[in-house]
K.L.:
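Following this message is one structure expressed as structure tokens.
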Number of protein chains: 2
Amino acid sequence: MVLHGASEGKAAEPEPDGPVASGGRATLKTIAELTGLHVSTVSRVLNGTTSGARAASAATAERVRQVALEVGYVPDIQAAGLRRQSSRLLGVMMARLTDQVLASIYEGVERTATQHGFHTMVSNSWDDPATRQAHVSMLLSRRVDAMIFGDAHVDGAFLAGFAAHGVPFVLVNRRAGDHPSVTCDDLAGGQLAAEHLYALGHRRVGVVAGLPYAANGIDRTAAFTRYFAERGHPVPGDQVVHASFDAAGGALAAEKLLDRAPHPSAIFAVSDFAAIGVLGVLRERGLRAGRDVAVVGFNDVPIAAQLTIPLSSVRNPMYEVGARGVDLLVRMMRGEPPERITLAPELRIRESSASPYTGA
Amino acid sequence: MVLHGASEGKAAEPEPDGPVASGGRATLKTIAELTGLHVSTVSRVLNGTTSGARAASAATAERVRQVALEVGYVPDIQAAGLRRQSSRLLGVMMARLTDQVLASIYEGVERTATQHGFHTMVSNSWDDPATRQAHVSMLLSRRVDAMIFGDAHVDGAFLAGFAAHGVPFVLVNRRAGDHPSVTCDDLAGGQLAAEHLYALGHRRVGVVAGLPYAANGIDRTAAFTRYFAERGHPVPGDQVVHASFDAAGGALAAEKLLDRAPHPSAIFAVSDFAAIGVLGVLRERGLRAGRDVAVVGFNDVPIAAQLTIPLSSVRNPMYEVGARGVDLLVRMMRGEPPERITLAPELRIRESSASPYTGA
DNA sequence: ACGTTATAGCCAAACGTTTGTGCAGCCGCC
DNA sequence: GGCGGCTGCACAAACGTTTGGCTATAACGT
């Protein structure tokens, strides 16, 4: 368990005639000199190329591994990547990891990438084109083998340019154009929320719609409003307000929605944190969520169920989205065709939307 | 803004006599051949080594930059790192990025590292030794120039071993031993919470203490209980319960604390998300936070103020912790001495602990 | 005995950079 | 007009790997 560097060896150890490079960290050369073997042989042993013709003898292999352990050899992936022309590195762009949804997706990405033998390098783009561009250039510079984008804009302008690099990529969380992607089935999710509120008797509803360039918010909103429109209760344009996915955005949007008289009897927020912002504003105005105004969020983050007024939400399999995204990417790198995958959402009804509309 | 690869050039362009390596992506060699210069000259130009004696002429430099742009050259940092023996990469270990506190700290780390010309590579350790070890080995393999640990265990066993690598590091979020670190002043923070609740009249208090190996939780708890003990109201051992920092952990701990009769009149949770778990349990038991039981959290995450019962909290300058951590690390790499820095917390009183204890 | 084949390992080139050194040409100076 | 110093670039050696090709020995079948 305890690691130890090359410099930790016994100082008085008698050195073989040749000057053993004991200066910096141990490299293949260090081991080669110590064992009297050639560096290529050491490399093959350590890479487990034991199968096939090129294998070393069992005894040699054992000796190499022994010495490698002793000197605390740790391979230089940079050098290997240079030679191999592949970094075994996946670049990941997220809008921001303080968004728990994106952090959860990233966990799925990281875990699954590790299983496939890839490392990941993640950056926050803050949904800002310049920052995104800078970080992507950085990742390209580090020769990532592929990319995962969790911050796509629905217009797909950036991705069109990026595709020219020939680096394979898949989108998670937000789809865009016909690029390969793994997302929650946001249309189905939006409809679930609509069905639920409609069934409760709500007809005057408002939507906190998320950022206008994010496909997840767009789809959730579109399916939701379509459902009401199809039943003869179209949602007026001013009752759909765009805002950031966090609590502050939700609060801002709620202010606008509730300034209208009569205020909506139900609010659908396309993100739980935005919904929490809505709950806060309701309380400030002396309205009780679940009684005066029904609230439904999206994603079903862990705290949704723990809130003082537990929040109804559409469950988004976030970890799964990340995991499946990497799976798809790996398949694509093997030459399999790109896909657009959607994962099924699930409605979780809680107190914030439990009681039927009384027409108050 | 739009990127374009080397393969995007006009196909019919007449090539200079030598075979121009137009196959894969553009390298220094590509540019060298296109300009008729030597690769070393190109390198110097592109690295902005314009100062001093070795500079290229202004005309040459301009031509090089022009061609570099045309062929869409993007440097190979791996190769540069190999030669330069420094990756300009900072490794970051966090317990898990779905913890908004750690994600915020990471944002500070990422931003500040970028300012200093470093890239960051972050991994989730899940507070699990084996996973931590695996990811750290990975980062070492990628030849990180330094490390930031946000997941230190207070015993410091792992770090003692790690120090042998000679890779400089600083701790953020959780201190350990006398390793350099940047943390919130958790002792001061715990005391702030204690002073506040004591002043309100609470004498029978409980603590949700966080994970037993996390110094931040330990310090916050220690200062809190010490304050009460010094005033003749020691907190019984069974009223200090350890749990994870998230809502689930807080809920679990709250169950235990409230099973006791009489239950505590105030609960201090060393994390806001744990506090939210506490709020949930209070509600389930028909107790009202802020009236029946005062609750104070820690960190002051954005949603604390937005909750239906806004949560009192001790503000932790999380972003700042990350940023200052990198600053310190960079200074250390320049040879300046290590430090242990603490940042001042600040009490934010809200409804969850606004009313004085009535002795109910 | 001899050709064939498998085994075990060495050799060297290559990946794309950076950087110390060498070397022309040119300018100015005495 | 010789010479020192500067300018502007080229040369080549690294950095640590991986990998195709090669060689020497051994085993083996005929």
Side-chain angles (χ1 to χ4, degrees), chain A residues 6 21-64 68 71-89 140-143 145, chain B residues 6 18 21 23-64 68 71-89 140-143 145:
Chain A
S22 64
R25 24 162 92 79
T27 73
L28 286 183
K29 194 161 126 191
T30 317
I31 303 179
E33 284 169 352
L34 251 29
T35 55
L37 291 167
H38 193 265
V39 43
S40 63
T41 306
V42 177
S43 169
R44 283 190 239 259
V45 168
L46 261 25
N47 280 354
T49 319
T50 39
S51 63
R54 312 213 77 87
S57 72
T60 305
E62 187 44 46
R63 194 155 46 100
V64 167
V71 299
Y73 171 71
V74 28
D76 187 323
I77 301 194
Q78 283 197 128
L82 176 58
R83 162 66 220 228
R84 206 191 303 115
Q85 289 297 84
S86 116
S87 55
R88 297 203 186 321
L89 194 59
L140 251 20
S141 230
R142 296 219 174 256
R143 294 291 185 263
D145 288 340
Chain B
R25 24 162 91 79
T27 75
L28 285 183
K29 195 160 126 191
T30 316
I31 304 178
E33 284 169 352
L34 250 27
T35 56
L37 291 168
H38 193 264
V39 43
S40 64
T41 307
V42 177
S43 168
R44 283 190 239 260
V45 168
L46 261 24
N47 280 353
T49 319
T50 40
S51 64
R54 313 215 76 87
S57 71
T60 304
E62 186 44 44
R63 198 156 43 100
V64 166
V71 299
Y73 172 70
V74 27
D76 187 323
I77 301 193
Q78 283 197 127
L82 175 59
R83 161 65 220 229
R84 206 193 303 115
Q85 290 296 84
S86 114
S87 57
R88 296 201 184 329
L89 196 58
L140 250 22
S141 229
R142 295 219 174 256
R143 293 294 186 259
D145 289 339

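So that the names make sense, note that chain A is the first sequence line, chain B the second, and so on, each numbered from 1.
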K.L.:
Taking only the side-chain nitrogens and oxygens of T41(A), find out if one of them lies under 4.0 Å from OP1 or OP2 of dC10(C).
P.N.:
yes
K.L.:
When you measure from the side-chain N and O atoms of S57(B) to the phosphate of dT7(D), is any distance below 4.0 Å, counting only OP1 and OP2?
P.N.:
no
K.L.:
Please give, in whole Å, the distance from dG16(C) C1' to L46(B) CG?
P.N.:
13 Å
K.L.:
Measure from the side-chain heavy atoms of L28(A) and tell me the nearest of dT18(C), dG9(C), dT18(D).
P.N.:
dT18(D)
K.L.:
Can you find a donor-acceptor pair, distance only, under 3.5 Å between R142(A) side chain and dG16(C) base?
P.N.:
no
K.L.:
Calculate, to the nearest 0.5 Å, the distance between atoms CG and CD belonging to D76(B) and Q85(A) respectively.
P.N.:
7.0 Å
K.L.:
As an exercise, state the distance from OG of S43(B) to CG of L37(B), rounded to the nearest 0.5 Å.
P.N.:
12.0 Å
K.L.:
Do you know which two heavy atoms are closest between S87(A) and D145(A), and how far apart they sit?
P.N.:
N-OD1, 3.1 Å
K.L.:
Relative to the 5' end of DNA chain D, which residue comes earlier, V42(B) or Q78(A), by the nucleotide with the nearest heavy atom?
P.N.:
V42(B)
K.L.:
Please compare R63(A) and A79(A) by the position of their nearest nucleotide in DNA chain C and report the one closer to 5'.
P.N.:
R63(A)
K.L.:
Quick one: R143(B) CZ to dG16(D) C1', roughly how many Å, whole number?
P.N.:
8 Å
K.L.:
So which atom in V42(B) and which in L28(B) form the shortest heavy-atom distance, rounded to 0.1 Å?
P.N.:
CG1-CD2, 3.6 Å
K.L.:
Answer with base, sugar-phosphate or nothing: what part of the nucleic acid does S40(B) contact at a heavy-atom distance below 4.0 Å?
P.N.:
base
K.L.:
Of the nucleotides dG16(C), dT18(C), dG16(D), which one has an atom closest to the side chain of D76(A)?
P.N.:
dG16(D)
K.L.:
Could you tell me whether the phosphate oxygens of dT18(D), OP1 or OP2, come under 4.0 Å of any side-chain nitrogen or oxygen in Q85(A)?
P.N.:
no
K.L.:
In whole angstrom, give the distance that lies between atom CG of L82(A) and atom C1' of dA14(D).
P.N.:
13 Å
K.L.:
Would you kindly give the CG-to-C1' distance between L140(A) and dG16(C), to the nearest whole Å?
P.N.:
16 Å
K.L.:
Kindly give the heavy-atom pair with the smallest separation between Q78(A) and I77(B), and that separation in Å.
P.N.:
OE1-O, 4.0 Å
K.L.:
A80(A) has a side chain; which of dT18(C), dG9(C), dT18(D) sits nearest to it?
P.N.:
dT18(D)
K.L.:
Quickly work out the R44(A) CZ to dC11(C) P distance and round it to whole Å.
P.N.:
13 Å
K.L.:
Is there, by distance only and without an angle test, a donor paired with an acceptor across the side chain of R83(B) and the base of dT17(C) below 3.5 Å?
P.N.:
no
K.L.:
Counting heavy atoms from C-beta on, name the nucleotide in dA12(D), dC10(C), dT17(D) closest to the side chain of H38(A).
P.N.:
dC10(C)
K.L.:
Select base, sugar-phosphate, or nothing to describe what I77(A) touches, counting heavy atoms under 4.0 Å on all strands.
P.N.:
nothing
K.L.:
Evaluate L46(A) against I31(A) for side-chain contact (heavy atoms from CB on, under 4.5 Å), listing each step before the verdict.
P.N.:
CA-CA 11 Å; L46(A) 261 25; I31(A) 303 179; 4.0 Å; yes
K.L.:
Quickly work out the I31(A) CD1 to dT17(D) C1' distance and round it to whole Å.
P.N.:
12 Å
K.L.:
In whole Å, what is the span from the NZ atom of K29(A) to the C1' atom of dT18(D)?
P.N.:
16 Å
K.L.:
Is the phosphate of dT17(D) approached by R84(A) (side-chain N or O, under 4.0 Å from OP1 or OP2)?
P.N.:
no
